[in-house]
Amino acid sequence: MPSSSCRPDLRILTPLRGIAALWVVVYHFGDQYLPALRPEQAGHLVGKGYLAVDLFFMLSGFVLTHVYHADFTRFDPRRYRDFLAARIARLYPLHLLVLLAFVATAVAGRLLEFAQTGHFERLPAEGAHSVTALLANLLMLQGLAAGELSWNYPAWSISVEFFAYLLFPLAIGPIWRADRRRGLLIALALAGGVLGFAWFARGDFNQWNGPLALARCLPEFLLGSLLYTALRRPALARHMGTDRVAVGLLVLGALLLHFGAPDLLSVGLFAVLVLSLAANRGRVQALLDQPLLVRLGELSYALYLVHGFVEHLTTQLLESGPGIVDRSQLGVAPSLALFAAMTTLSLLIAAYVHPRIEMPGR
């Protein structure tokens, strides 16, 4: 159970999660799925949407440290078990529901083909949308080789993040107890991990398949944990939490993304931004703490998972209906209409499953 000790108020991070989730949706639907929209003509902001996942990793480490730091100052096997059970309850029900929706769609398509041709095609043994991939997804291991094992491709990140959960109760004690000198050494080590990943990835953080996905997640997640400890330093938190600093970081981040700056710079700025927003108690907090943005943040996990299914279902309907395989055949107006319909449907499904599946699981 989380410690009941007094902790900083982090409600400002809920809208940030929602914005990040919507950024991923816009990236996948607009930049990746509907080429006629060509958002790159207006800058790189949409095309850099994959970096929202790096923001998610940091936010997860930050928020889990907020909740659990007092429980793991000393490692306790029973609390470790309870923590993992809570994480599974948080992630798995909705992950399983969306996975079953993918499988049901695949089976329904095969049954329709059987009704028309008398031939029933079995699920393949290997590859994406296969029996092997289904087993990997049921065990949440698809992130080890997401390119070959993903039914719902956005779910690769929750798979690799679960590996971070396995490490978190072991790492949070040393991070939390570290004095200034040891904290600096840990910070340098984690920064080295991010730099090492960036070097192996040749500067491209859009790595979601195989070992590089783990190398992307783990140091960013633990960096989020380390950032939370900075809130214990009142002078630093007070300085970082001013509206001037928060607005400056938001503007700088938007400019870096718009002009396509190296991913490493943007991710480094995310780290400072998370700390600044968490410490802010001024107008920036009031600006973000709006009902619609808070609601979007509450739906962020559901939105992130279900939009992959909406994209998959749309693909099946386009191919089986009007026979559109190449989406570049769609003009700008049809693409905009399809983008709006897919985004709206994703939000509606997320709003439906959040209170019925995700919240009961918690």
Side-chain angles (χ1 to χ4, degrees), residues 13-60 91 94-95 97-99 101-102 105 143 146 150-161 205-208 213 253-254 257-258 263 266 270 288 290-318 327 330 332 334-355 357-358:
L13 298 184
T14 299
L16 186 61
R17 286 203 319 269
I19 293 169
L22 189 60
W23 188 16
V24 173
V25 172
V26 173
Y27 165 65
H28 284 150
F29 289 175
D31 188 75
Q32 298 292 298
Y33 191 77
L34 297 168
L37 295 182
R38 303 187 68 180
E40 71 277 3
Q41 292 185 339
H44 297 274
L45 181 61
V46 173
K48 291 284 189 178
Y50 57 86
L51 292 176
V53 177
D54 302 276
L55 181 56
F56 278 133
F57 290 151
M58 288 185 199
L59 285 171
S60 292
L91 298 180
L94 191 55
H95 165 64
L97 176 68
V98 178
L99 176 62
F102 271 90
T105 302
S150 286
W151 281 76
N152 182 24
Y153 71 93
W156 72 267
S157 65
I158 65 170
S159 174
V160 299
E161 190 170 310
F205 274 58
N206 191 17
Q207 306 295 327
W208 52 273
L257 294 167
H258 175 75
D263 290 349
S266 296
F270 288 166
L288 291 176
Q290 301 297 321
L292 283 178
L293 289 178
V294 172
R295 180 60 173 163
L296 183 63
E298 293 170 348
L299 299 179
S300 59
Y301 177 58
L303 177 62
Y304 181 78
L305 278 193
V306 305
H307 87 277
F309 176 71
V310 169
E311 182 177 319
H312 173 73
L313 186 61
T314 303
T315 299
Q316 301 302 308
L317 292 174
L318 286 176
R327 289 178 296 275
L330 295 171
V332 174
S335 293
L336 281 172
L338 188 58
F339 172 82
M342 292 168 67
T343 304
T344 301
L345 181 59
S346 298
L347 287 167
L348 290 174
I349 295 175
Y352 182 82
V353 300
H354 172 72
I357 304 297
E358 185 182 349

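This is a predicted model, so every value here is computed, not measured.
Taking both residues in full, the closest heavy atoms of Val332 and Ala36 are given as CG2-O, 3.6 Å, listed atom of the first, atom of the second, then distance. Scanning all heavy atoms of the two residues, the minimum distance from Pro15 to Leu288 falls at CG-O, 3.2 Å.
Side-chain contact between Leu257 and His44 is absent, with no heavy atoms from C-beta onward closer than 4.5 Å. Contact check for Ser266 versus Phe205: no side-chain heavy atoms found under the 4.5 Å cut-off. Residues Leu51 and Trp23 form a side-chain contact, since some pair of their non-hydrogen atoms from C-beta on lies under 4.5 Å apart. Looking at Leu97 and Leu305, their side chains never come closer than 4.5 Å, going by heavy atoms from C-beta outward. At least one side-chain heavy atom of His95 sits less than 4.5 Å from a side-chain heavy atom of Tyr301. Between Arg17 and Leu59 there is a side-chain heavy-atom pair separated by less than 4.5 Å. For the pair Ile349 and Val353, the minimum side-chain heavy-atom distance is below 4.5 Å.
Taking the six-membered ring for Trp and thresholds of 30 and 60 degrees, His307 and His28 have nearly parallel ring planes, at less than 30 degrees apart.
Side-chain contact of Tyr153 with Glu311: a donor-acceptor pair under 3.5 Å is present, judged by distance alone. For the residue pair Thr14/Glu298, the side-chain donor-acceptor check at 3.5 Å is not satisfied. Side-chain N/O atoms of Glu358 and His354 include a donor and acceptor closer than 3.5 Å.
The ring of Phe309 has its center closer than 6.0 angstrom to the ring center of Phe102.
Judged by distance alone, the side chain of Tyr27 and the main-chain N or O of Gln32 form no donor-acceptor pair under 3.5 Å. When atom types are taken as modelled, the side chain of Asn152 and the backbone of Val306 share no donor-acceptor pair closer than 3.5 angstrom. In this structure, the side chain of Ser159 engages the main chain of Gly143 through a donor-acceptor pair within 3.5 Å.
Of the charged side-chain nitrogens involved, at least one lies within less than 4.0 Å of a carboxylate oxygen, so that Lys48 and Asp263 count as a salt-bridged pair.
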Check the pair Leu313, Val310 against side-chain contact (heavy atoms from CB on, under 4.5 Å), reporting the backbone distance first and the verdict last. CA-CA 5 Å; Leu313 186 61; Val310 169; 5.8 Å; no
Derivation of the side-chain contact (heavy atoms from CB on, under 4.5 Å) call for Val26 and Phe339: CA-CA 8 Å; Val26 173; Phe339 172 82; 4.0 Å; yes
Give the C-alpha distance, both sets of side-chain angles, the deciding distance and a yes or no for side-chain contact (heavy atoms from CB on, under 4.5 Å) between Val53 and Tyr304. CA-CA 10 Å; Val53 177; Tyr304 181 78; 4.0 Å; yes
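A distance of 11.0 Å separates OG in Ser60 from CG in Leu13, rounded to the nearest 0.5 Å.
A cation-pi arrangement is present between Arg327 and Tyr33, with the terminal nitrogen or guanidinium carbon under 6.0 Å from the aromatic centre and inside a 45° cone about the axis.
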